[in-house]
Amino acid sequence: MIPLVKPYMAPREELIPKIEEVLYSGYIAEGEAAWKFENNLRAFLGNPNTLAVQSGTAALHIALLLLNVGPGDEVISTPMTSEPTNTVIAITGARIVWGDINPNTGLLDPDSVRKKITERTKAIMLVHYAGMVCDMDRFNKISDETGIPVIEDAAHSLGAKYDGRVVGSNSRFTCFSFQAIKQLTTVDGGAIAFNNAEDVFPARKLRWFGLDKNVSRLDNDITRAGYKYGINNLTGVIGVVNLAHTQSVLDRYISNGKFYDAALRNVPGVTLVQYCPRTEPSYWLYTIKVSDREGFCKMMESKGIAASPLHHRSDTHSVFADSKCELPGMDEWYRSYVHIPCGWWVKDEDREAIVSAIKRGW
Ligand SMILES: *Cc1c(COP(=O)(O)O)cnc(C)c1O
């Protein structure tokens, strides 16, 4: 079966000796390897104000904490995502207000978000779902006009671009995940990139119990309780070695994605997804809309190709019952969207077989 997701690990000969070195170095907590990963990530993102953290969820949590989001506040978010985007909002005590999805893009619709802004709106949470970048021209405008900060959940979209630059320096916060199945993995890990250098210091403290690492333990005074959200040297070294391959890994996702963009045009039963202006997806999952999705997935499976919608819409979970509202765009999208394999493991002959299977119909 050609899977939808698969972790990329650097070659054993390269990775294992480095892991051994760290494990027996006598220093496995946050140190040189962790800092090196963080620095290399800054270079990759072109943003020096980036911190490595324990997970994508931790990155999102830090963003919400820095905005002091809590009970009585509202965060406008998208139901079309992986659950942590929204569970992390729920744990702050804030109320989620669902924006609707544009059924042509699968992404949060700026017009819907604008209509849902109230005096309680503390943040707008965007997800660059499946590697496709939201309509940032319009979200930037909304944020500039209202002063409401945007958090970009870029867990699916490392290496995707807006305005010619990789995502990670547009909004006040951009959050990444290096969990097992993301384009870059450190087994578990994440990062938060800021476009405001002033957010870095308080974020560092929240990452480490509220302590200031520049001051000795004895001279420290915790003013706000923080978390254990940093990374260790093992995570760091895996990150350093895997990140060195990330551009070529991403290039393969992108090459496969562009191949499908061209090859699946005008295929009966298939509707391509539209990409927002001035954005370039990094195709974590290739997304299309199909008629008779169940039949489509069965046909693909019978040919050894995984195909599935993968994500459960967030708004139907009981924990978010308070936020329930009509979302016609989401309903429309949810009926027909599906993912097909697109990642680094999909070879030329695989993608050709995938296209011919689809062209033969279901
Ligand atoms: C994976 C993921 C996260 C959470 O990342 P973790 O590193 O698993 O905490 C958040 N948002 C989205 C959209 C994700 O896919």
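Both counts, for ligands and for their atoms, begin at 1 and track the order of listing.
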Can you check whether Thr81 has an N/O within less than 3.5 Å of an N/O in ligand 1?
no
Query raised in the report: Is there any N or O on Thr57 that sits under 3.5 Å from an N or O of ligand 1?
Result: yes
Among Ser157, Cys175, Ser177, closest by heavy atom to atom 5 (O) of ligand 1 is Ser177
Is any side-chain heavy atom of Val237 less than 4.5 Å from a side-chain heavy atom of Phe37? no
Checking heavy-atom distances from atom 10 (C) of ligand 1 to each of Asn86, Asp153, Val127, the winner is Asp153
Candidates Gly56, Pro84, Ser55; heavy atom nearest atom 3 (C) of ligand 1 found on Pro84
Has Arg207 got its NZ or CZ under 6.0 Å from the middle of the six-membered ring of Tyr229, at an angle within 45 degrees of the ring axis? no
What is the ring orientation for Tyr260 with Tyr286, classed by angle as parallel under 30°, tilted 30 to 60°, or perpendicular over 60°?
tilted
- Any N or O of Ala58 that comes nearer than 3.5 Å to an N or O of ligand 1? no
- Minimum side-chain heavy-atom gap Ser25-Glu21 below 4.5 Å: no
Counting from 1 in the order shown, the ligand 1 atoms closer than 4.0 Å to a non-hydrogen atom of Lys182 are 1 (C), 2 (C), 3 (C), 14 (C), 15 (O)
Counting from 1 in the order shown, the ligand 1 atoms closer than 4.0 Å to a non-hydrogen atom of Gly189 are 7 (O)
Looking at ligand 1, does Ala59 have a heavy atom less than 4.0 Å from it? no
Geometric cation-pi criterion, Lys228 with Trp208: 6.0 Å, 45°: no
Near Gln179 (heavy-atom distance under 4.0 Å), the atoms of ligand 1 are 7 (O), 8 (O)
Query raised in the report: Are side-chain N/O atoms of Gln179 and Thr185 paired as donor and acceptor at under 3.5 Å?
Result: no
Checking Asn140 against Ser143: is there a side-chain donor and acceptor pair closer than 3.5 Å? no
With a cut-off of under 6.0 Å to the ring centre and 45° to the axis, is Arg172 in cation-pi contact with Phe194?
no
closest protein heavy atom to atom 15 (O) of ligand 1 is His156 NE2, 2.7 Å
Problem - Check: Thr246 side chain, Asn242 main-chain N or O, donor-acceptor pair, under 3.5 Å - result: yes
Under 4.0 Å between heavy atoms, the region of Ala155 that gets near ligand 1 turns out to be side chain
A student checking ligand 1 against Thr85 at a 4.0 Å heavy-atom cut-off should list atoms 11 (N), 12 (C), 13 (C)
